There are 2 protein chains.
Amino acid sequence: MDIAEVAKASGLPASTLRFYEEKGLIQSTGRNGLRRLFSANVIERLALISLGRSAGFSLDEIGEMFTSEGPDINRALLLAKADELDRTIEELAAMRDGLRHAAVCKAPSHFECPKFLRLLRIAGKNRFRQPNKLKENKLKRGGQKT
Amino acid sequence: MDIAEVAKASGLPASTLRFYEEKGLIQSTGRNGLRRLFSANVIERLALISLGRSAGFSLDEIGEMFTSEGPDINRALLLAKADELDRTIEELAAMRDGLRHAAVCKAPSHFECPKFLRLLRIAGKNRFRQPNKLKENKLKRGGQKT
DNA sequence: GCTTGACTTCAAGTTGACTTGAGCTTTTAT
DNA sequence: ATAAAAGCTCAAGTCAACTTGAAGTCAAGC
């Protein structure tokens with residue numbers, strides 16, 4: 001397949017595919033002149049990358065998984081990530097409850113509501129840098145091959 | 001309190017506090033000479049900002065909440081965010097299950113495992129740009145520079 | 001055989017949330 | 001009184017994951 005087909009099938013722009021190739025996350029099987037050729041399984045690979053990204057892996061981490069040295073390193077890593085997700089999920093659930101409570105809370109200021117303040121403390125424990133914004137409107141879903 | 005106290009109490013570096021002030025997220029109550037003075041409630045405000053960040057709000061969104069025009073705009077926004085978190089949580093749970101499964105799966109390649117492939121499809125639906133990495137090791141809780 | 005448009009490379013730009021550095025001023029401890 | 005420690009401002013740098021732009025190449029259709 002050429003890059004346009006992969007782009008269409010995966011929903012990712014060609015620039016991203018080139019970028020991923022440069023990073024070593026995918027490979028092109030060869031060239032037709034200048035043009036990259038991809039085998040069909042790159043689509044699954046891209047889906048796997050998507051999965052990883054959605055689960056919070058960085059591209060570098062995903063790259064490490066693909067090239068992991070032993071056969072078991074992977075598994076340990078996967079389990080560790082699963083545990084991490086468990087924690088994240090718990091925290092997000094607490095946040096969600098806090099938000100819902102805040103939305104109906106009658107206290108004049110949230111700062112005067114003990115429930116809310118308890119939430120703040122949870123959030124405080126969970127303080128991590130959260131980078132920038134998701135741009136959901138940028139992704140045009142459903143673009144499947146014509 | 002002076003900025004160092006706030007930094008200590010909140011766990012945020014002074015540079016971040018200045019940055020937040022510049023963005024209008026917190027206010028200093030005045031100056032002692034050059035130096036900013038903060039009232040104690042800035043701590044709670046910062047905790048609230050932390051909560052918002054953890055829940056996925058951008059600083060701009062948090063700023064809007066603080067200065068929201070009507071009293072109900074806030075609530076709708078909070079509920080919407082809570083719903084968003086619900087979806088996120090569901091997806092993360094699916095990821096987690098997928099990771100756990102992948103870790104024990106006997107299939108020679110994950111691509112040959114139907115369970116795993118089902119996961120990929122979920123991840124595919126959920127494809128959104130996920131920005132960059134959390135740096136959890138960067139935050140030294142309570143660690144203060146001498 | 002020539003245009004055209006999809007592809008190429010490489011460098012630089014974008015975004016959000018900060019951080020860092022240079023060069024000053026002020027407070028505080030000796 | 002003086003020097004170090006802590007603050008200050010403002011500009012520029014950083015990071016991840018891409019995107020964009022310029023300038024060139026080339027396969028294919030007419």
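Here the structure is a predicted model, which is why all the values come from computation and not from measurement. Here is the naming used below: chain letters follow the sequence lines, and residue numbers restart at 1 for every chain.
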Listed partners of A:Ala14 passing side-chain contact (heavy atoms from CB on, under 4.5 Å), at least two apart
A:Ile3, A:Arg18
Taken in chain and number order and not counting sequence neighbours, the residues that satisfy side-chain contact (heavy atoms from CB on, under 4.5 Å) with B:Phe19 are B:Lys23, B:Leu59
Whole Å only: how far is the CZ atom of B:Arg31 from the P atom of D:dG7?
12 Å
Measure from CD1 on B:Ile3 to C1' on D:dT9 and round the result to the nearest Å.
12 Å
Counterpart residues, salt bridge (charged side-chain N to carboxylate O under 4.0 Å, His left out), relative to B:Arg36 (two or more places apart):
B:Glu21
Test of understanding: clusters of I, L, V, M, F, W, Y form through side-chain heavy atoms closer than 4.5 Å, transitively. Do A:Leu12 and A:Val6 belong to the same one?
yes
Got a sec? Which of residues 16-30 of chain A come in under 4.0 Å of DNA chain C, heavy atoms?
A:Arg18
Quick check for you: among D:dC8, D:dT19, C:dT8, whose closest atom lies nearest to any side-chain atom of A:Ser15?
D:dT19
Which heavy atom in A:Leu46 sits nearest to a heavy atom in A:Ser10, and how many Å separate them?
CD1-CB, 3.7 Å
Short heteroatom pairs, N/O only, protein and nucleotides 25-30 of chain C, under 3.5 Å:
residue, atom, partner, partner atom, Å
C:dT26, O2, B:Arg35, NH2, 3.3

Report the distance from atom CZ of A:Phe57 to atom P of D:dA17, rounded to the nearest whole Å.
13 Å
How close or far is atom C1' of D:dA16 from atom CD1 of A:Ile49, stated in whole angstroms?
15 Å
Can you name the side-chain contact (heavy atoms from CB on, under 4.5 Å) partners of B:Ala80, sequence neighbours left out?
none
Answer yes or no: is there an ion pair linking B:Lys81 with B:Asp86, defined by an N-O contact shorter than 4.0 Å?
no
Residue-phosphate contact under 4.0 Å: B:Arg36 side-chain N/O, D:dC8 OP1/OP2
yes
How many whole angstroms separate atom CZ of B:Phe38 from atom C1' of D:dA6?
14 Å
Using whole Å, report how far CG of A:Asp2 lies from P of D:dT25.
21 Å
Quick check: does any side chain N or O of A:Asp2 sit under 3.5 Å from a backbone N or O of A:Glu5, one acting as donor and the other as acceptor?
yes
Side chain of B:Ser58 only, please: which of C:dT19, C:dA17, D:dT20 is the nearest?
C:dA17
Would the distance check show the side chain of B:Arg31 and the main-chain N or O of B:Leu37 forming a donor-acceptor pair, the cut-off being under 3.5 Å?
no
Identify whether any heavy atom of A:Ala14 sits under 4.0 Å from a base atom; if not, whether one sits that close to sugar-phosphate; answer base, sugar-phosphate or nothing.
nothing
